[in-house]
Participant: 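The structure under discussion is supplied below as structure tokens; questions concerning it will follow.
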Amino acid sequence: MHRRIITPGALAAASLMLAIPASAASYSPGAPGIGDPYYPAYGNGGYDVSHYDLRLQYQPATDELAGTATILAKTTQDLSSFDLDFLLDVSEVRVNGVKASFATSGQHELVVTPKTPLAKDTPITVVVRYSGVPSTKSAYGFNTWHRTPDGAVAADEPEAAWWWFPSNDHPLDKATYDVSVAVPDGTQAISNGTLQSTSSKLGWTRYNWRENKPQATYLATLAVGKFDITTSTSEGGVPVVNAYSKDLGDNDAAARASVERTGELVDWLSGYFGPYPFSSAGGYVPNTTTGYALETQTRVYYSPKQFANGSNTSVVVHELAHQWYGDSVSLKGWKDIWINEGFARYAQWLWSEHEGEGTTQQLADYVYASHPADDAFWTVKPGDPGPDNQFDIAVYDRGALAVQALRNAVGDDAFFAILKGWPQTHAYGNASVADFQAYAEQVSGKSLSSLFDTWLFQPVKPAAPAAKRVAIAKSAAAPVRPKSWKKIEATNSVH
């Protein structure tokens, strides 16, 4: 996935230069970035989106995408103009039914100027008509639209939306979605949530998907191709929809042997994290050349390469754990990535323990002993790794070490209460590492500032006394590798 420092460059200047009517002198342009220091140009200021309605048509043979996005939002300031993050070609924009002027700016900004300035707290309906060939568009030197032999996939982190719908592209602005996609008969369109209906007309089939819980823009996904789709219901009552490209070749059976266990694993994770937070679960495996998986909400994206060496339930556990830690509770800023990845990795450790292939403590001991003090692994701070190290292995493995350290410090009763209570306390919202520390202290009744600082924010290997206090002992002997480690390690390319 893409982990870059994006500088606003001329974006702010371009927005500020937009003409403001004399009668609206108190109105100002919305910021061209939402304020995330890791990605200053991502997201936008001045409004908050509540719903995206996307009505699209896609032709796999030519990679042509055309559509209309209707965005329901509310202004958060007096606005003379506002930005959307988008790359395709726009033919018309309307704000509250009236044509608006628009222009592109910077690498991925669409600047919209309503005919009449918008007062703070005004509900707005923004309609954007657009078309284009997503595979021909790039920003900052990359493209996250993945072509397949029979279609395409939109799934990437931290950005994927720009190539298929205009948005306020940052996890802080979550919204519900209706995604309606027409594709040639014989081809399917898969997205998040539940399939509401399908209809066919004049050689085209339209699929109508709905995600009725708030969703971050990078977690919205679209997959078009020829799929074998399976449906089931977990023992706990969660509907499951999985899909497999019909040309996966030798990886097909291993993919099914892994992803078809989604219902079982959702129910198992619910024992640790509380009730599953969404209306459906599942995953899809398209015929892509990418190597990662992504926790796209309710419908996880898996690369076929995840199953090149056989089945791997560990990667499925990782991505499903994100449905609670990362999807339902999303990060406030990209620096808070530990809450997503440290806990998804720890879920893999719990699964290892469940399978009798190594306890969480044995895995923690192994990770700790495997990295000498001068290893660069310890210079990455999982609590604020920086954009260049946002998906470094230390965020996962040192991040999971921090979770085990917390468990040892507060005891199992408090730890598992924290693990289950956190996703319910912050359901469908956003939270930071500081918020998590405060919650853990509230539940455990302990001061945890030193522990969090040691394991998440110090760019050094914790000293032996600190390690001993959390029962991760320093050993001169070669560490014993738990049986599950190879499977867990195989998911290191997940993000």
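What's counted below: heavy atoms across the whole structure, side chains too, no hydrogens, waters or symmetry copies.
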Participant: Between the side chain of D48 and the main-chain N/O of T76, is any donor-acceptor distance below 3.5 Å?
Facilitator: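 No, the answer is negative, given that no donor and acceptor are paired below the 3.5 Å cut-off.
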Participant: Compare every heavy atom of L88 with every heavy atom of W163, then report the nearest pair and how far apart it is.
Facilitator: O-CD1, 3.5 Å
Participant: Looking at side-chain heavy atoms only, is the closest gap between I337 and P385 below 4.5 Å?
Facilitator: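 Yes; the side chains approach each other to less than 4.5 Å.
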Participant: Partners of F343 by ring pair (Phe, Tyr, Trp, His ring centres under 6.0 Å), sequence neighbours excluded?
Facilitator: Y325, W338, F436
Participant: Mind checking what makes side chain to side chain contact (heavy atoms under 4.5 Å, CB included) contact with Q442, not counting sequence neighbours?
Facilitator: Y439
Participant: For Y39 together with H170, are the ring centres under 6.0 Å from each other?
Facilitator: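 No.
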Participant: So, do I393 and R345 sit near enough that their side-chain heavy atoms are less than 4.5 Å apart?
Facilitator: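 Yes, their side chains come closer than 4.5 Å.
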Participant: Identify, with sequence neighbours excluded, every residue that meets side chain to side chain contact (heavy atoms under 4.5 Å, CB included) alongside P277.
Facilitator: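 P277: side chain to side chain contact (heavy atoms under 4.5 Å, CB included) contacts with W324, S328, Y428.
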Participant: Can S191 and Y177 be counted as having a side-chain donor-acceptor contact under 3.5 angstrom?
Facilitator: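 No - no donor-acceptor pair under 3.5 Å links their side chains.
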Participant: T379 versus N389: any side-chain heavy-atom pair under 4.5 Å?
Facilitator: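 T379 vs N389: side chains apart.
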Participant: Suppose we screen for side chain to side chain contact (heavy atoms under 4.5 Å, CB included). Which residues come up paired with R147, at least two apart in sequence or across chains?
Facilitator: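 For R147 the side chain to side chain contact (heavy atoms under 4.5 Å, CB included) partners, ignoring immediate neighbours, are Y58, D63, S135, W145, A152.
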Participant: Within a strict 4.5 Å, meaning less than it, do heavy atoms of the P158 and Y218 side chains meet?
Facilitator: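 Of all side-chain heavy-atom pairs linking Y218 with P158, none is under 4.5 Å.
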Participant: Would you say the side chains of Y292 and D156 form a donor-acceptor pair under 3.5 Å?
Facilitator: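 Distance-only check passes for Y292 and D156.
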Participant: Taking everything shown except N212 itself, do over 12 heavy atoms lie less than 6.0 Å from its CG?
Facilitator: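 Counting other residues, nucleotides and ligands, CG of N212 exceeds 12 neighbours.
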Participant: Short question: side chain of H146, backbone of T144 - any donor-acceptor pair under 3.5 Å?
Facilitator: yes
Participant: If we ignore hydrogens and angles and just use 3.5 Å, is the side chain of Y302 paired with the main-chain N or O of F307 as donor and acceptor?
Facilitator: no
Participant: Provide the closest heavy-atom pair for R398 versus W378 in the form atom of the first, atom of the second, distance.
Facilitator: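 The answer is NH1-O, 3.0 Å.
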Participant: May I have all residue pairs that pass salt bridge (charged side-chain N to carboxylate O under 4.0 Å, His left out) and include part of residues 399-415, sequence neighbours excluded?
Facilitator: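 Every pair satisfying salt bridge (charged side-chain N to carboxylate O under 4.0 Å, His left out) with a residue in residues 399-415: R407-D412.
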Participant: How close do L269 and A347 get, counting heavy atoms only, and between which atoms?
Facilitator: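 So the minimum-distance heavy-atom pair works out to CD2-CB, 4.1 Å.
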Participant: Checking side-chain hydrogen bond (donor to acceptor under 3.5 Å, both in side chains) for the pair Q390/Y38: CA distance, chi angles, key distance, verdict?
Facilitator: CA-CA 9 Å; Q390 186 179 343; Y38 279 24; over 6 Å; no
Participant: Between D327 and H322, do the side chains contain a donor N or O and an acceptor N or O under 3.5 Å apart?
Facilitator: no
Participant: Please confirm whether the backbone N or O of S432 pairs with a side-chain atom of D435, one donor and one acceptor, at under 3.5 Å?
Facilitator: yes
Participant: Would you say that T221 contacts Y284 through its side chain, given a criterion of any heavy-atom pair below 4.5 Å between the two side chains?
Facilitator: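 Contact flag for T221/Y284 side chains = yes.
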Participant: Side-chain contact test, heavy atoms from C-beta onward, threshold under 4.5 Å: evaluate it for R299 versus V241 and give yes or no.
Facilitator: yes
Participant: So that I can tick it off, tell me whether R256 and D228 are bridged by a salt bridge, with the cut-off set at under 4.0 angstrom between side-chain N and carboxylate O.
Facilitator: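 The answer is yes: the pair qualifies as a salt bridge.
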Participant: Spell out, as yes or no, whether a donor-acceptor pair under 3.5 Å connects the side chain of S138 to the backbone of G141.
Facilitator: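 Not confirmed, S138 side chain does not pair with G141 backbone.
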Participant: Can a side-chain donor-acceptor contact be found between S484 and E355 if the only test is distance below 3.5 angstrom?
Facilitator: no
Participant: Using atom types as modelled and distance alone, determine if a side-chain donor or acceptor of N287 lies under 3.5 Å from a backbone N or O of L248.
Facilitator: no
Participant: Any luck finding a side-chain donor-acceptor pair between Q306 and N312 under 3.5 Å?
Facilitator: no
Participant: Name all residues meeting the side chain to side chain contact (heavy atoms under 4.5 Å, CB included) criterion together with S234; count only those two or more places apart in sequence or in a different chain, and write none if there are none.
Facilitator: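 S234 satisfies side chain to side chain contact (heavy atoms under 4.5 Å, CB included) with V238, D267 once adjacent residues are dropped.
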Participant: Scan side-chain atoms only and decide if D169 and T217 contain a donor-acceptor pair under the 3.5 Å cut-off.
Facilitator: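 Note: D169 and T217 side chains meet the donor-acceptor criterion.
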Participant: I'd like to check Y396 versus I488 (side-chain heavy atoms, cut-off strictly below 4.5 Å). Are they in contact?
Facilitator: no
Participant: Cation-pi between K137 and F86: NZ/CZ under 6.0 Å from ring centre and within 45° of the ring axis?
Facilitator: no
